Amino acid sequence: MMHRLAWFGAQAARSIGASPVVQLVAVSTIAVALMVLGAVGVALVNLDGLVDRWRADADLVVFPRPGAAELPALAARVEALDGVAGTRTLDRDAALADLRAAFPDDAPLLDGLDRALLPAVIEVRLAERDPARRGPARAAVAEALRAMQAFEAIDAVDDGADLVARLERLRTGARAGGAVMAALALLAVVFIISNTIRLTLFARRDELEIMRLVGATDLFIRAPCYLEGALQGAAGALLATGGLWLLMRAVPADGLLDAPFGVEGGLRFLPPEAVVAGVLGAALVGVLASHLATGRFIREGA
Amino acid sequence: MIRLFHVTKRYGRDDLALDDVSLRVEKGGFAFVTGPSGAGKSTLLKLLFAAERPTDGRILVAGHDLSRLRASSVPILRRNVGVVFQDFRLLLRRTVFDNVAFALEVLGQPRSRIRPRVEAVLRQVGLGHKMDALPLRLSGGEQQRVAIARALVGEPAVLLADEPTGNLDAALSRDIMDLFTDAHIRGTTVLVATHDAQLMRAVGKRIIRLERGRVVEDDG
Ligand SMILES: Nc1ncnc2c1ncn2[C@@H]1O[C@H](COP(=O)(O)OP(=O)(O)OP(=O)(O)O)[C@@H](O)[C@H]1O
Ligand SMILES: [Mg+2]
């Protein structure tokens, strides 16, 4: 058993060593395809994080009726509601200061802003911290606020549902797009590896002819190719991971997306288990591609 | 060991390479197959190691019914049938030793078993002193010895050779033929296709003559 594995390994090493340039081109091309796939993965991971955070953190916002005088009193009544942890009242000046902080580069623009257009708001912080239970809690508070609307100076209540729904749709679309990209990338990898294996088979054709002649089974023809394909896939995936990581470090992540959509602490990289799964998956795809290439070869040969 | 019953082989529609051939070579027998170019000698040998399938008739080789042989059983047959060609078919980047060892490696045999067997068979064909040479460093006769060693290393029951001396002069041809008679004496069933009438006379064994795909003479 061990000597067979050793022989398969030696055969694979021999054929890789016999055409290093072809191997290098193949692995780099695979890496590029997988990097595109990885980039899609990174986008999805971060979009996921964004949606989850919005779900978790989007506080409700109460818009008092214009000209409402007693904002602190209104805020106190809102604060008294079940499920509300606290409020923060932003009058027009505070709102403008907030905007300035969020968009420091657009200060001249904000200077010209008609202050009357900036409504005062009361931000509401929910008591519920558990992300899983925040949705229902928020809905309950929003309902209570809307009930207050009838007899309080409340113009509108924004519970963030609109934004979350839009992000949700964006995420669904991105996932579908990601699946299509993934399929294309995998197809490209299968294509590259099976063609490289075909080149290998062609380069080894005199050996393979002798193998057939002396009664070697298909396994002995195929196994070194499986190994070669798996190595190509895994090497391509590792290269893609490294490349993507370097690329993400090179991009100034903080400036990538502005507040309030900004991603705290920069973009998140793929989780380690996704990287491991990707490398193993690529190796498996390599085996599959080799199987296809050798299958064709074995059917064609006598 | 080898039996053909009314075997016909057509390539394509009307290219009749073998026409109703029946013959029998006993276990441990030795026979030449001869005849003019295009008579069907190579075709006959190809049928015997399942490189081609008969269009009609039955073939038995070393206990295998080749007309019913599944593709997955072809390797099992070939471990029992050594084949030698006119053009040697050696792996030029591998040494003499590795060329012969390769035939056992690809059957999954362990190195410890391969080395002594390869050394023994190379000494048997008179190449004990050239094991580390590359094939192109050898004479034609020596290259054919390597090919014969490769065919014999797995101790096949049957040895087939298609014009094994076609590229060699008369003296070398005799030396090569001695290797075949040697294998025959050790119990291997040997079938050699050749044009060389002088050689056949010198060896003095059974001769099967083909013409246009039919057996026209058989002194066995
Ligand atoms: N692969 C093939 N496809 C089509 N026809 C073939 C093929 N191989 C052989 N033939 C035909 O079958 C006939 C017998 O050929 P074969 O090679 O068996 O003859 P041979 O006796 O070995 O000749 P030679 O002495 O020249 O080697 C010839 O007419 C040849 O053209
Ligand atoms: Mg011939």
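Because the structure is predicted, anything quoted here is derived from the model rather than measured. Numbers restart at 1 for each chain; the letters A, B, ... are given by sequence-line order, proteins then strands.
Surrounding CZ of A:Phe269 are more than 12 heavy atoms belonging to other residues, nucleotides or ligands, all under 6.0 Å away. When the shell of 6.0 Å around NE2 of A:His3 is examined, it contains more than 12 heavy atoms from other residues, nucleotides or ligands. Within 6.0 Å of CZ on B:Arg53 lie more than 12 heavy atoms contributed by other residues, nucleotides or ligands.
In this structure, B:Arg78 contributes its side chain and A:Arg212 its backbone to a donor-acceptor pair below 3.5 Å.
Neither the backbone nor the side chain of B:Glu52 has a heavy atom closer than 4.5 Å to any heavy atom of chain A. Contact annotation for A:Arg204: neither backbone nor side-chain heavy atoms come within less than 4.5 Å of a heavy atom of chain B.
Ranked by heavy-atom pairs under 4.5 Å with chain A, the first of B:Ala103, B:Pro110, B:Ser72 is B:Pro110.
With a 4.5 Å cut-off on side-chain heavy atoms, B:Phe102 and A:Met211 count as touching. Within the 4.5 Å cutoff, side-chain heavy atoms of A:Leu213 are placed close to those of B:Phe49. Here the side chains of A:Glu207 and B:Arg94 are in contact, with some heavy-atom distance below 4.5 Å. Proximity of B:Leu107 to A:Phe220: side-chain heavy atoms (C-beta onward) are nowhere separated by under 4.5 Å.
Looking at every heavy atom in both residues, B:Pro75 comes nearest to A:Gly215 through CB-O, 3.3 Å.
Distance CD1/A:Ile210 to CG/B:Leu90: 7.5 Å, rounded to 0.5 Å.
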Pair A:Glu209-B:Leu91, side-chain contact (heavy atoms from CB on, under 4.5 Å): steps then yes or no: CA-CA 10 Å; A:Glu209 188 195 345; B:Leu91 303 173; over 6 Å; no
